[in-house]
Each structure stands twice: as C-alpha cells, then as structure tokens.
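Throughout, a chain's letter reflects where its sequence line sits, starting with A, and its residues are numbered from 1.
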Protein chains: 2
Amino acid sequence: MEVSLTASRPLRRDARRNREALLAAARAAFLDGDTDAHVEDIARSAGVAVGTLYRHFETREALIEEVYRKEVDDLCAEPDHLLGQYAPAEALRRFLLLLVDHAAVGKGMSVALESIMASDSPVFDDARSRMSDALTRLLDAGVAAGTVRDDVTGPTLLRALGGICAMRVSDGWLDEARTITRLLLDGLLHR
Amino acid sequence: MEVSLTASRPLRRDARRNREALLAAARAAFLDGDTDAHVEDIARSAGVAVGTLYRHFETREALIEEVYRKEVDDLCAEPDHLLGQYAPAEALRRFLLLLVDHAAVGKGMSVALESIMASDSPVFDDARSRMSDALTRLLDAGVAAGTVRDDVTGPTLLRALGGICAMRVSDGWLDEARTITRLLLDGLLHR
DNA sequence: ACCTAAACGGAGTCGGACTCACCTTATGGA
DNA sequence: TCCATAAGGTGAGTCCGACTCCGTTTAGGT
C-alpha cells in the first residue's frame, strides 16, 4: 500500500553492507595505484564472492566508475565554497592547485580525472558536466570581476586539468604539475 | 669469417617483409582509433598468423610501442628544423601547434604522446628523453633570446603537452586543444 | 514460526592474449 | 644447380581473467 514512485525500495541491510564493502575494497585498490586489480581479489577482500560483486555492479568498469564518481563529487563542492571566501581569481587559483594536490594523494584521483575527461563513456557525462559547471562558475565569477579572460570555457579548462592530472609518474611529479598549473593561470588571468 | 659484433645478422627477406607488414597493419589499426584491435586481426590483415606476430614482437604491447616510437621519431626532428627558420618564440609556437594538429590526425598520435608521458615502461624512456631534449632546445633558444621565461624545463613542458594531447574525444576537440596551447604559450612567453 | 522475495556463492563459460611442436622456405656453399 | 640447414611461419591449444547462472541461504514482514 506504499507509493514507491522511483525509489524502488531500500536495499536489504546485508545488501547495503556488501555494496559498501565492495566500494571500499575497490577504492582501496584503485586509489592505491593498483588500477588493474582483479575482480576476484576485490570481491574477496570485501568478504564476498564475485557473484555478489556482479549483482551490484554491471561490470568491472561500472564499479571503478562508481568509485571515481564519488571522489569527484567531493571536489565539485569546493568551488562554491571557495567563491564564498576568496576573490574569483584567487578562488580559481586555489581550486586548480587543490585539484593538483588531490591528484598527488594517490594515483586514484588523477586516474579519475583522466577517465572523466578522456572516456566517452556516458557514465561519466554526469561527473564531467558537474565538474565543468563548477569550473564555469569560477571562470564566470572571474570574468564578471574583470580579472579573468573571457575566451576560455569550463569544459576547455577541464580538459587542460585532466591532462595535467594524467601525469602521474616519476618523482618530480607534483612540482611539475604545479608549475604547469601556474603557467595556465598566468595565461588565464588578465594582465 | 665475418665479425658481427652486435649486428646479429640481417633478417631474412620474408621476415623483414612480414615485420614491416605487421607494423603497417598495427599502425593502420591504432592510428585509426581502434586502440584495442585484436592481435588476431592485426596478424590477419598483415597476411600472417599470430605465431609470426609473436616471433617479431614480445607482446601486443611491444608492437604498439614500436608503432608509437616511430611516430615520435618523426616529430622529434621538427624543432631543429623550425629553429633554422624562425625566431625561437615563433618556433616554439609552431611546434606546439604542430603537435596538437598531429594529434588531431587520428587518435594515434595523441595516444602515443600520452603513453610516452604516462607510462613508466622503460620502452618509452628513450622516446621520452628525445622529445624532452627537443623541447629543451626550443626553450633554451627562447631563453637565450630573452623571449621565453627560464623557469620551465623540457620535461615539464612535455608533460603539459602530453596532457593536452590526451584529450582525444568529442567534436570540439581541436579548437579546445588549440585554445589551451595558446594559453600555455601566453604563460610561457615573457611579457 | 513461516513464507517469500531478495541476496549470496562459486563452479562454469567465454573471449582474447600468448605458446609450442611441427612444417615451410630462403640462402649459401659444394 | 641442388642440398642442407637454420631461420621463419603456422594455428590449434593453453592460460587467465572477466562475467554468468542457478541452486542455496537469509532478511524481514505477517
């Protein structure tokens, strides 16, 4: 007698627990750099069998995407937060460097950004457009304040960042990424 | 009675022909965008069997790498050529845009650049360092002429470019890549 | 306590990279 | 010219990892 509309009933408790465990296990593996961890291993380390993994996620890819999407969600909240505290140009600077530092935490975030940018999988459309929107808000604020040039769009900037974050090797990584980001900012700001 | 040193004897004629055919077939497949073409198909379209493919190349990866390495070789020759004709800043500008346009020809070149940049496979060390050197020559010339800032290194710039060229999707691709490249140039040149 | 829809398990299937034992052929010396 | 032989080619078969399927187990409502 309950009107469920789209909410197709909450997961049973064990199901939710297992789903969470799988995401955590996958997150641990991917963000730790083992980008091609075997499904069998992920399932085992979550304490379930592969069948269960596939009940929750269409494919291995889908699981990965879900993990990455969560990461990105967190980041997308930042720009609004920053715009509340800083002038647009400064907010932009901070956000770009934040992304870079985030990517430095583990291979994971950079892989996430790269995937979001490089993949044409519709699964990422959503994450991509949210991130683009976040950047667009930053840029627009800067343009309105007259401190940022107006010929660069959010999607374009997203691609540039994806590129930078794709550089996830070698020791000098972080410094190089920061240098490039500053270069980009220099180009972005009005003189 | 021949002193062969390292030259382990030239390939038999049919072997050379097949090796070439395999590289051509792989090139056709990869540069055309089918980045995960099956070895079976590559072998067939080269007119040989898989066994032959594996006689010439350790793994599928090795074959891909070989294809990409050749592409990069060509590009590495450009900077010297450009420096002979243009002022350093202009040579730099042309080279960066050349890379972008090259990447636009097919997915292949961008994958090549991306792989060279992102992979830690030693197979690319050589290509990577040659490309870095090429960029360093351009930058040094610019610094000497006083038109380019001196705090950016060849390897750093290589990573930035790798990033840009990794953006190999969607329709607006080329314009976006050009925009970002100009942004980078703006940041790179002295005011 | 019982019922049933939901969730779980894990052996089995399938597809694709790679191997190996045997056959074919280029090539150089008699 | 012709043979010997090492180099090269072949493709059915192996291996391995993602994914499926159906019998078993269990949460949670009545």
Here the distance between atom C1' of C:dA6 and atom CZ of A:R17, to the nearest Å, is 14 Å

A:Y54 side chain near D:dT20 phosphate (N/O to OP1/OP2, under 4.0 Å): no

Requested in this report: Looking at every strand, decide which applies to B:V50 at a 4.0 Å heavy-atom threshold: base, sugar-phosphate, or nothing.
Outcome: base

Which of D:dA18, C:dC8, C:dC18 is nearest the side chain of A:T52? It is C:dC8

Kindly say whether A:Y54 contributes a backbone atom to a donor-acceptor pair with the side chain of A:R60 at under 3.5 angstrom? no

Of A:E58 and B:V48, the one whose nearest nucleotide on DNA chain D sits closer to the 5' end is B:V48

Whichever of B:R55 and B:D36 has the more 5' nearest nucleotide on DNA chain C, that residue is B:D36

Quiz item: Could a donor-acceptor pair under 3.5 angstrom be found where the side chain of A:R12 meets the base of C:dA6?
Solution: yes

note: A:L22, atom CG; C:dG9, atom C1'; distance rounded to Å ~ 13 Å

Whether A:E20 and A:R17 form a salt bridge (side-chain N of Lys/Arg under 4.0 Å from carboxylate O of Asp/Glu) is what I want to check.
no

- Query: Charged N to carboxylate O below 4.0 Å: is that the case for A:D41 and A:R44?
  - Reply: yes

In whole angstroms, the gap separating P of C:dG15 from CG of B:D41 amounts to 14 Å

Donor-acceptor pair, distance only, cut-off 3.5 Å: does the side chain of A:R149 make one with the backbone of A:G187? yes

Here the distance between atom P of C:dC18 and atom NE2 of B:H38, to the nearest Å, is 12 Å

Whole-Å distance, A:L53 CG to D:dT20 C1', equals 13 Å

Regarding the side chain of B:A15, the nearest nucleotide among C:dA17, C:dT19, D:dG8 is D:dG8

Residue pair A:R60/B:A49 against DNA chain D: nearer the 5' end by closest nucleotide is B:A49

Here the distance between atom C1' of C:dT25 and atom CG of B:N18, to the nearest Å, is 12 Å

- prompt: Closer than 4.0 Å, any side-chain N/O of A:H56 to the OP1 or OP2 of C:dA7?
  reply: no

When rounded to whole Å, the CZ to C1' distance for the pair A:R44 and C:dC8 reads 16 Å

Quick note, B:D14 side chain, CB onward, closest among C:dA26, D:dG17, C:dA17 is C:dA26

The side chain to side chain contact (heavy atoms under 4.5 Å, CB included) partner of A:L138 among A:V143, A:L83, A:D133 is A:L83

To the nearest angstrom, the CD-C1' distance between B:E40 and C:dT19 comes to 13 Å

Out of C:dA7, C:dA11, C:dT27, minimum distance to the side chain of B:R13 belongs to C:dT27

